[in-house]
Novice: 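Okay, here's the structure, questions in a sec.
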Amino acid sequence: MKKKYLLTPGPTPVPAEVLSKEGQPVLHHRTTEFSNLFIRVKDNIKKIFCTKNDVLILSSSGTGAMEAAVVNLLSKNSKVLVLDTGVFGNRWIKIIESSTGLKPEVLKEEYGNAVNLDRLKEYLSKNK
């Protein structure tokens, strides 16, 4: 069998037992069978994250989760700081601008470099 990889953000190896499920019929999201499966996953995922609190499950890509965070946590008066060190920082900027119309403040570093903590501390001391 040819080995397949999930390439977002990957490569992430996909176990054979997961791939074998792709050949099974799709569960419709409004069936009792799906509801029961979802409840089991929702309850058991807490163990993975070592929490007793609810874990939010989004049926989207990571970008969809980023957009959900932006539109649910920011308002028209929000000040937003993006630490941009590459692709994901750039994505945060685009999502914030397109979803809210806000113009984020950006601390940019060369792609692949960590955020300079002294710069960040200085920014935060001047911008409460």
Side-chain angles (χ1 to χ4, degrees):
M1 173 185 257
K2 183 178 179 184
K3 228 176 176 153
K4 298 191 179 205
Y5 295 92
L6 181 63
L7 297 176
T8 52
T12 301
V14 180
E17 59 271 18
V18 173
L19 287 175
S20 69
K21 298 292 184 185
E22 290 183 354
Q24 295 183 356
V26 176
L27 290 178
H28 190 277
H29 65 281
R30 291 195 178 120
T31 62
T32 302
E33 188 178 5
F34 180 87
S35 293
N36 292 337
L37 173 63
F38 188 82
I39 290 166
R40 270 198 345 262
V41 169
K42 187 173 69 81
D43 291 341
N44 288 328
I45 201 166
K46 294 176 185 182
K47 295 173 191 169
I48 293 171
F49 290 102
C50 300
T51 185
K52 292 181 180 166
N53 297 314
D54 289 336
V55 176
L56 183 61
I57 301 171
L58 300 174
S59 58
S60 68
S61 65
T63 301
M66 292 166 76
E67 184 172 2
V70 165
V71 300
N72 284 286
L73 296 175
L74 300 179
S75 64
K76 66 179 181 176
N77 298 320
S78 295
K79 286 181 73 173
V80 184
L81 173 63
V82 174
L83 307 176
D84 182 5
T85 61
V87 175
F88 290 106
N90 196 328
R91 187 169 299 163
W92 277 114
I93 294 165
K94 289 179 181 176
I95 290 170
I96 291 164
E97 290 175 342
S98 65
S99 300
T100 64
L102 296 171
K103 184 73 177 154
E105 295 284 326
V106 179
L107 284 182
K108 187 166 182 58
E109 296 290 347
E110 189 69 31
Y111 177 75
N113 290 333
V115 172
N116 180 303
L117 291 181
D118 291 330
R119 261 182 83 203
L120 177 58
K121 286 178 186 176
E122 181 182 343
Y123 176 89
L124 293 175
S125 71
K126 294 178 181 175
N127 297 278
K128 303 292 180 194

Novice: Could you list all the salt bridge (Lys or Arg N to Asp or Glu O under 4.0 Å) pairs where at least one residue sits in residues 95-109, not counting sequence neighbours?
Specialist: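 Checked against salt bridge (Lys or Arg N to Asp or Glu O under 4.0 Å) - neighbours excluded - the pairs reaching residues 95-109 are D84-K108, E97-K103, E109-R119.
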
Novice: Can you pull the salt bridge (Lys or Arg N to Asp or Glu O under 4.0 Å) pairs that have at least one residue in residues 53-63, sequence neighbours excluded?
Specialist: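 Those involving residues 53-63 are K46-D54.
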
Novice: Hey, could you give me the CZ/CD1 distance between F34 and I39, rounded to the nearest 0.5 Å?
Specialist: 10.5 Å

Novice: Quick one: does L107's side chain get under 4.5 Å of N116's, heavy atoms only?
Specialist: no

Novice: What is the distance from atom CD1 of I93 to atom OG of S98, rounded to the nearest 0.5 Å?
Specialist: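 It is 11.5 Å, given to the nearest 0.5 Å.
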
Novice: Group every Ile, Leu, Val, Met, Phe, Trp and Tyr by side-chain heavy-atom contacts under 4.5 Å, then state whether L83 and L74 land in the same group.
Specialist: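 No, no single cluster joins them.
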
Novice: Less than 4.5 Å apart, any side-chain heavy atom of L81 and any of N127?
Specialist: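 The answer is no, as the side chains (C-beta and beyond) never meet within the 4.5 Å cut-off.
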
Novice: Would you mind listing every side-chain hydrogen bond (donor to acceptor under 3.5 Å, both in side chains) that reaches into residues 25-45, with sequence neighbours excluded?
Specialist: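 Non-adjacent pairs meeting side-chain hydrogen bond (donor to acceptor under 3.5 Å, both in side chains): N44-K47.
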
Novice: State which residues pass side chain to side chain donor-acceptor pair (under 3.5 Å) with K121; sequence neighbours excluded, sorted by chain then number.
Specialist: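 For K121 there are no side chain to side chain donor-acceptor pair (under 3.5 Å) partners, ignoring immediate neighbours.
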
Novice: Tell me who clusters with V87, hydrophobic residues only, linked when side chains sit under 4.5 Å apart either directly or through other members.
Specialist: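 Y111, which link up through side-chain heavy atoms under 4.5 Å apart, make up the rest of the cluster.
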
Novice: Which pairs, with at least one residue in residues 65-79 and sequence neighbours excluded, count as a salt bridge (Lys or Arg N to Asp or Glu O under 4.0 Å)?
Specialist: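 Qualifying pairs: none.
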
Novice: Donor-acceptor pairs under 3.5 angstrom involving side-chain atoms of residues 59-66: please list them, not counting sequence neighbours.
Specialist:
from	atom 1	to	atom 2	distance (Å)
S61	OG	T63	N	3.3
S61	OG	G64	N	3.4
T63	OG1	R91	NH1	3.0

Novice: Taking only residues two or more places apart in sequence or in another chain, which ones pass side chain to side chain donor-acceptor pair (under 3.5 Å) with N53?
Specialist: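 With sequence neighbours excluded, N53 shows a side chain to side chain donor-acceptor pair (under 3.5 Å) to T51, given in chain and number order.
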
Novice: Please determine whether residues V80 and I95 belong to a single hydrophobic cluster, defined as Ile, Leu, Val, Met, Phe, Trp and Tyr linked transitively by side-chain heavy-atom distances below 4.5 Å.
Specialist: yes

Novice: Should T100 and S78 count as side-chain neighbours, where that means a heavy-atom distance under 4.5 Å?
Specialist: no

Novice: Who else is in the cluster with V26 when I, L, V, M, F, W and Y are joined by side-chain contacts under 4.5 Å?
Specialist: none

Novice: Using side chain to side chain contact (heavy atoms under 4.5 Å, CB included) as the criterion, list what pairs up with P15, not counting sequence neighbours.
Specialist: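 With sequence neighbours excluded, P15 shows a side chain to side chain contact (heavy atoms under 4.5 Å, CB included) to E17, V18, given in chain and number order.
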
Novice: Going only through I, L, V, M, F, W and Y residues with side-chain contacts under 4.5 Å, is there a path from V115 to V106?
Specialist: no

Novice: Are V70 and L102 close enough that some pair of their side-chain heavy atoms sits under 4.5 Å apart?
Specialist: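 When only atoms from C-beta onward are counted, L102 and V70 do not touch, as no gap falls below 4.5 Å.
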
Novice: According to a 4.5 Å side-chain heavy-atom criterion applied to Ile, Leu, Val, Met, Phe, Trp and Tyr, with indirect links allowed, do L27 and V41 form part of one hydrophobic cluster?
Specialist: yes

Novice: Can you give me the closest heavy-atom contact between V82 and G89, atom names plus distance?
Specialist: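 Closest pair (atom of V82, atom of G89, distance): CG1-O, 3.5 Å.
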
